[in-house]
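The model shown is predicted, which means the values in this text are computed figures rather than measured ones.
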Amino acid sequence: MKETVLMFAIPDKGVRNDVRNIFASLKVQVKYVERPQYNRTLASLAGLQPMKDLPLPYDGPEFEEPLLIFAGFEDKKLGRIIDALKTYDKCKFPLKAVMTETSQNWAAAYAYIHIKAEHESLHPKG
């Protein structure tokens, strides 16, 4: 599997380009996923399964925070990527996850809800 990062909910094109450049320097493929595609599976978005036509595009709310999903990475390289993101100060990425055999079948919208809930349980506010 080719190393791929799926990016969601980064409205600022300048930030998206900066992040793409960070990943390009590490020779990593990046795909920015637009809101209408949030009902597709992570595997199809990462290019592991064919994109199937769905009856309707996603029409739910935009994600509240940026989300990065990592597919096909070895731990060592993933560590370098996380370190590179820590130095980027224009945007923080608290929601990050590695695509697994289970999560690859999740719709992006479901993955966001699950990842956000997990993050909030690990980092409670107030």
Asker: Between Leu85 and Leu68, is any pair of side-chain heavy atoms under 4.5 Å apart?
Answerer: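 A side-chain contact under 4.5 Å exists here.
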
Asker: Given a cutoff of under 4.5 Å between side-chain heavy atoms of I, L, V, M, F, W and Y, with clusters grown through shared members, what are the other residues clustered with Trp106?
Answerer: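 Reading the cluster by chain and number, Trp106 sits alongside Tyr110.
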
Asker: What is the distance from atom CD of Glu62 to atom CD of Glu34, rounded to the nearest 0.5 Å?
Answerer: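 Here the interatomic distance stands at 8.5 Å.
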
Asker: Do Lys77 and Val28 make a side-chain contact, defined as non-hydrogen atoms from C-beta onward lying under 4.5 Å apart?
Answerer: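 Touching, per the 4.5 Å side-chain cut-off.
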
Asker: Leu26 vs Glu3, test: side-chain contact (heavy atoms from CB on, under 4.5 Å). Steps then yes/no.
Answerer: CA-CA 10 Å; Leu26 297 166; Glu3 298 168 333; over 6 Å; no

Asker: Measuring from Leu6:CG to Gln29:CD, what's the distance to the nearest 0.5 Å?
Answerer: 9.0 Å

Asker: Using modelled atom types only, decide if a donor and an acceptor are shared between the side chain of Arg35 and the backbone of Ala9 within a distance under 3.5 Å.
Answerer: no

Asker: Working to the nearest 0.5 angstrom, can you tell me the gap between Leu95 CG and His119 NE2?
Answerer: 5.5 Å

Asker: Would you compute the distance between atom CD1 of Ile82 and atom CG of Leu78 and round it to the nearest 0.5 angstrom?
Answerer: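 The CD1 atom of Ile82 sits 5.0 Å away from the CG atom of Leu78.
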
Asker: If we only count heavy atoms from C-beta on, is the Ile69 to Ile115 side-chain gap below 4.5 Å?
Answerer: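 Of all side-chain heavy-atom pairs linking Ile115 with Ile69, at least one is under 4.5 Å.
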
Asker: Please report the shortest heavy-atom distance between Cys91 and Val15, naming the atom on each side.
Answerer: CB-CG1, 3.7 Å

Asker: Please name the pair of heavy atoms, one in Thr4 and one in Phe73, separated by the smallest distance, quoted to 0.1 Å.
Answerer: O-CE1, 3.3 Å

Asker: Side-chain contact, heavy-atom cut-off 4.5 Å: Phe93 with Ile10?
Answerer: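 A side-chain contact exists here, since the closest heavy-atom pair is under 4.5 Å.
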
Asker: I'd like to check the ring-ring contact (aromatic ring centres under 6.0 Å, His included) partners of Phe63; sequence neighbours left out, ordered by chain and number.
Answerer: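 In terms of ring-ring contact (aromatic ring centres under 6.0 Å, His included), with neighbours along the sequence ignored, Phe63 is linked to Phe8, Tyr38, Tyr112.
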
Asker: Does a side-chain heavy-atom distance below 4.5 Å link Pro94 with His123?
Answerer: no

Asker: Could you tell me which non-hydrogen atom of Pro57 sits nearest to which non-hydrogen atom of Asn39, and how far apart they are?
Answerer: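 Here Pro57 and Asn39 meet closest at C-ND2, 3.9 Å.
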
Asker: Please tell me if the side chains of Gln37 and Leu45 come closer than 4.5 Å, counting only heavy atoms from C-beta onward.
Answerer: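 They are in side-chain contact.
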
Asker: Return yes if some donor-acceptor pair links the side-chain N/O of Lys92 with the main-chain N/O of Tyr88 below 3.5 Å, else return no.
Answerer: yes

Asker: Show the nearest heavy-atom pair for residues Leu42 and Met99, with the distance to one decimal.
Answerer: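 Taking every non-hydrogen atom into account, CB-SD, 3.6 Å.
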
Asker: Would you name the heavy atoms of Arg20 and Val30 that are closest together and state the gap between them?
Answerer: NH1-O, 3.5 Å

Asker: How long is the gap from CD1 on Ile22 to CG on Asp83, to the nearest 0.5 Å?
Answerer: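 One finds 12.0 Å between CD1 of Ile22 and CG of Asp83.
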
Asker: Can you name the closest pair of heavy atoms from Ser103 and Val98 and give their distance?
Answerer: OG-O, 4.0 Å

Asker: Could you check whether any side-chain heavy atom of Arg40 comes within less than 4.5 Å of a side-chain heavy atom of Val33, counting everything from C-beta outward?
Answerer: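 The answer is no, as the side chains (C-beta and beyond) never meet within the 4.5 Å cut-off.
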
